[in-house]
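Before any comments, here is the structure.
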Amino acid sequence: MTTEILEAAPAGTVAAADFDPRVEGQRLIKDWYAGLAEAPRRGQHVANVFVMGNAVEILRAFDFQLVFPEINSLQTGVRKASGEYIRLSEDYGMSPDVCSYVKADVGLMLKENEHPVGRIPKAHLAIASNMCSTFIKWAEIWERWLKVPTFVLDLPGQRATNWRVRPGDAQHAADSRWVEAQFRDLIEKCEKITGKRFDIDRLAEVEERVNQMVFHWNNVMALNRMCPAPYNAMLDGLTYIGIMNVYRGAPEGVEFMRRLERQLKAKVARGEGRVAEERFRLLFSGTPCYVSMRRLVELFETWGGVFAYSDYLTFAAGGMDAGELVYDTSRPLESLAEITALAAQRGLSNQFFAHERLEQQIRDYAVDGIVFHGIKSCRFVSSGMADTRDYLNKRLAVPSLYIESDLIDPRYWSDAQIKNRVDAFFEALNQRGVPPPGDRKTIAAEAGRAA
Amino acid sequence: MPHVHVAGIDIGSTYTKAIALNGNREVVGTAVRRTGFKLAQAAEGVFEELLKASRLERSVIAYVAATGYGRYTAPFRHTQITELTAHAQAAVHLFPETRTLLDIGGQDIKALKIDAQGRVKAFRLNDKCAAGTGAFLEKTARYLGLTTDDIGPYAIRSTKPVEVSSVCAVFAESEVINHLANGIPAEDIMMGAMVALGGRAVQLMRRVGLEPGYMLAGGMTRNAAMVNALEDNLKSKLKVAPDGLGQLNGALGAALLGLRRVEKLIAEGRPIPPTAAQQGQTDTAARRRWSAQAVKKRVEPCTVTGSCPVVIKVLPQAVAAA
């Protein structure tokens with residue numbers, strides 16, 4: 001897939017000016033929020049879901065309006081309003097150590113669902129999973145406060161060195177049967193809530209659209225192997241992944257991804273990069289700091305540093321990060337269970353085996369350094385970083401930087417401290433020396449072809 | 001090029017330090033003053049004092065390299081460098097065998113792993129807790145009625161340091177008050193605080209990777225008790241620059257990097273670039289710390305202004321290294 005893209009990039013004939021992914025992405029998110037506010041008036045049923053392990057395909061087949069509480073919380077950060085929501089939940093009695101996404105959502109409930117973007121409707125159903133233990137506690141809060149019926153998906157998975165689930169093996173078959181049985185329960189529950197019969201053809205249609213989105217998404221990520229990188233994985237990439245989640249399985253999502261890929265291909269063909277002079281290619285590992293993301297990216301881009309890749313774009317894509325995860329639409333429910341079981345494994349293994357995955361991505365994207373971003377809110381994604389960093393430094397001698405803040409809690413952003421670390425990191429990179437841009441283009445392209 | 005002079009200015013969170021070098025990398029003057037609230041003013045003030053101390057005209061200083069948290073606030077700078085890069089450069093200049101460097105500053109601690117050329121291989125800074133910084137010791141001293149300069153001589157008399165275990169500076173201060181209430185001698189409390197700080201500093205060095213060739217830089221080099229606490233924890237000797245130069249390590253590194261830049265420009269026949277102010281980067285000149293907004297009364301200049309303990313004109317090590 002990757003080789004095809006790199007060799008068949010169009011010769012700049014496609015006009016990119018007609019499509020601005022940032023503007024279009026913002027418009028789609030705005031439309032989605034407008035749709036949320038309108039859902040009660042339309043009599044549409046509403047479901048709260050997380051971005052990982054969420055059975056969105058089934059919910060779409062029942063025409064649920066989807067609410068992503070994680071995205072609601074991060075949007076309070078993007079709109080510089082998260083401090084107020086977090087304070088409300090802490091006034092209520094939550095500890096400063098609780099995940100700030102949860103606290104912003106509790107703040108939202110305390111503000112009677114008044115979000116900076118609009119009113120968030122009350123859900124008729126909430127889906128949680130064991131992909132993150134906080135999800136389960138979070139859903140319990142909805143259940144207690146708002147009396148929202150909750151369905152917790154149990155996605156099996158073991159953890160051990162060199163342990164993997166492979167598609168089709170006995171373990172995967174057993175896991176898939178277990179997940180499928182839960183999906184059948186969920187379908188019954190959805191039928192009761194909505195009063196509609198389950199339509200398996202509708203599920204197949206949704207899955208087909210997800211397949212198309214995944215195809216384009218993988219191409220979009222692969223295009224950033226080119227030097228200069230056409231987009232910044234931690235700024236532009238966050239908009240793209242937002243669409244991947246919110247419009248997963250929706251026609252608008254397919255169209256956005258198709259046009260995005262076309263626009264980026266044209267950009268690559270013209271040799272246009274995210275920054276005027278790309279001096280350092282970087283990999284961002286960890287979750288973003290939505291409240292200061294623009295500032296963080298600015299700190300790196302003033303040095304000519306671009307995030308060519310971020311593992312956030314894979315693990316936050318709800319398991320849609322790998323080409324082999326394609327739904328077999330001739331048996332939609334079984335295939336959904338098989339892929340959900342695999343995606344759950346992959347999502348968690350991405351944390352457990354992060355060093356191996358990053359080692360590959362360092363080569364694929366020809367990066368000069370890695371930036372680890374630990375966050376106060378989530379020790380699950382932050383605690384393994386020391387090991388990974390140590391492994392990569394010793395094994396590959398790749399320079400790395402560790403910075404710490406939070407997803408959306410503005411109190412954890414310390415500008416002077418972070419700027420000092422970023423500046424020192426680039427001074428060290430400068431002293432090491434990097435290949436000139438001409439050589440880098442070849443290296444990146446070869447890495448892409450090899451993949 | 002002995003006729004060439006450069007200056008390095010380290011605008012730190014607590015002190016602003018300056019050093020002037022001649023073309024032979026010899027120290028011709030130094031100055032230190034409290035940073036206070038107005039960073040640009042502190043930079044300007046220390047530069048004036050430096051010129052006086054080194055008996056040089058402003059026009060003679062060909063190049064100024066600024067470092068430290070306030071590095072962007074000196075309008076007369078030609079370049080700015082982080083203190084990590086600057087410290088590493090000065091460390092190998094003073095002690096070529098240095099491989100692991102520790103700098104204890106007013107508001108943070110830095111551990112650096114460096115190579116023989118003074119390039120930073122890796123660095124770790126303390127997290128956002130103040131319990132691992134010089135400011136923690138200053139606050140402890142204040143509770144005990146001591147001045148900053150008294151800390152070292154006082155603590156060195158301790159025979160039985162008490163444990164100050166809290167990882168939080170504010171809670172640690174509560175512990176200090178509790179120890180005082182229990183009749184523990186002040187010197188044992190002060191030394192206990194130093195042992196706690198030393199433990200955190202050495203932990204940071206371990207995180208960056210301990211490689212023999214240890215050096216200590218920063219204002220703590222003036223404090224013999226702190227050096228002892230660190231060496232006890234590390235179970236190894238730390239190199240410390242003589243004659244108070246440890247506090248000026250960042251400024252020295254900036255000056256050395258500045259001089260190297262000047263030498264390159266001269267060798268290539270290129271002119272010295274304009275200063276930040278000449279380039280129109282004056283926006284930072286008037287920048288104040290946010291806390292200055294809250295201070296209504298006038299802040300008097302520190303009485304120790306210009307009283308830098310460095311008296312030497314030329315360092316024997318510097319001559320040897322050059």
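Within every chain, numbering begins at 1; the chains are lettered A, B, ... in the order of the sequence lines, protein sequences first and strands thereafter.
- In summary, the side chains of B:Tyr69 and A:Lys419 do not present any donor paired with an acceptor at a separation below 3.5 Å, with no hydrogens or angles considered.
- Heavy atoms closer than 4.5 Å to chain A are found in both the backbone and the side chain of B:Leu125.
- Counting non-hydrogen atoms of other residues, nucleotides and ligands closer than 6.0 Å to NZ of A:Lys137 gives a total of 12 or fewer.
- Only the side chain of B:Arg124 comes within less than 4.5 Å of a heavy atom in chain A; its backbone stays farther off.
- Of the listed residues (B:Glu83, B:Lys110, B:Arg207), the greatest number of heavy-atom pairs within a distance under 4.5 Å of chain A belongs to B:Glu83.
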A:Glu427/B:Val120 under side-chain contact (heavy atoms from CB on, under 4.5 Å): CA gap, chis, key distance, verdict: CA-CA 8 Å; A:Glu427 285 173 0; B:Val120 178; over 6 Å; no
A:Gln431 and B:Thr85: CA distance, side-chain angles, deciding distance, side-chain contact (heavy atoms from CB on, under 4.5 Å) verdict: CA-CA 10 Å; A:Gln431 286 181 334; B:Thr85 304; 3.6 Å; yes
A:Asn420/B:Arg71 under side-chain contact (heavy atoms from CB on, under 4.5 Å): CA gap, chis, key distance, verdict: CA-CA 10 Å; A:Asn420 207 31; B:Arg71 62 189 178 276; 3.0 Å; yes
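- Counting heavy atoms of neighbouring residues, nucleotides and ligands inside a 6.0 Å radius, atom CZ of A:Arg295 exceeds 12 of them.
- Of the inter-residue distances, the one linking B:Lys113 atom NZ with A:Asn393 atom CG reads 9.0 Å to the nearest 0.5 angstrom.
- Residue B:Phe123 touches chain A through both its backbone and its side chain, counting heavy-atom pairs closer than 4.5 Å.
- The local environment of NZ in A:Lys376 is crowded, with over 12 non-hydrogen atoms from other residues, nucleotides or ligands closer than 6.0 Å.
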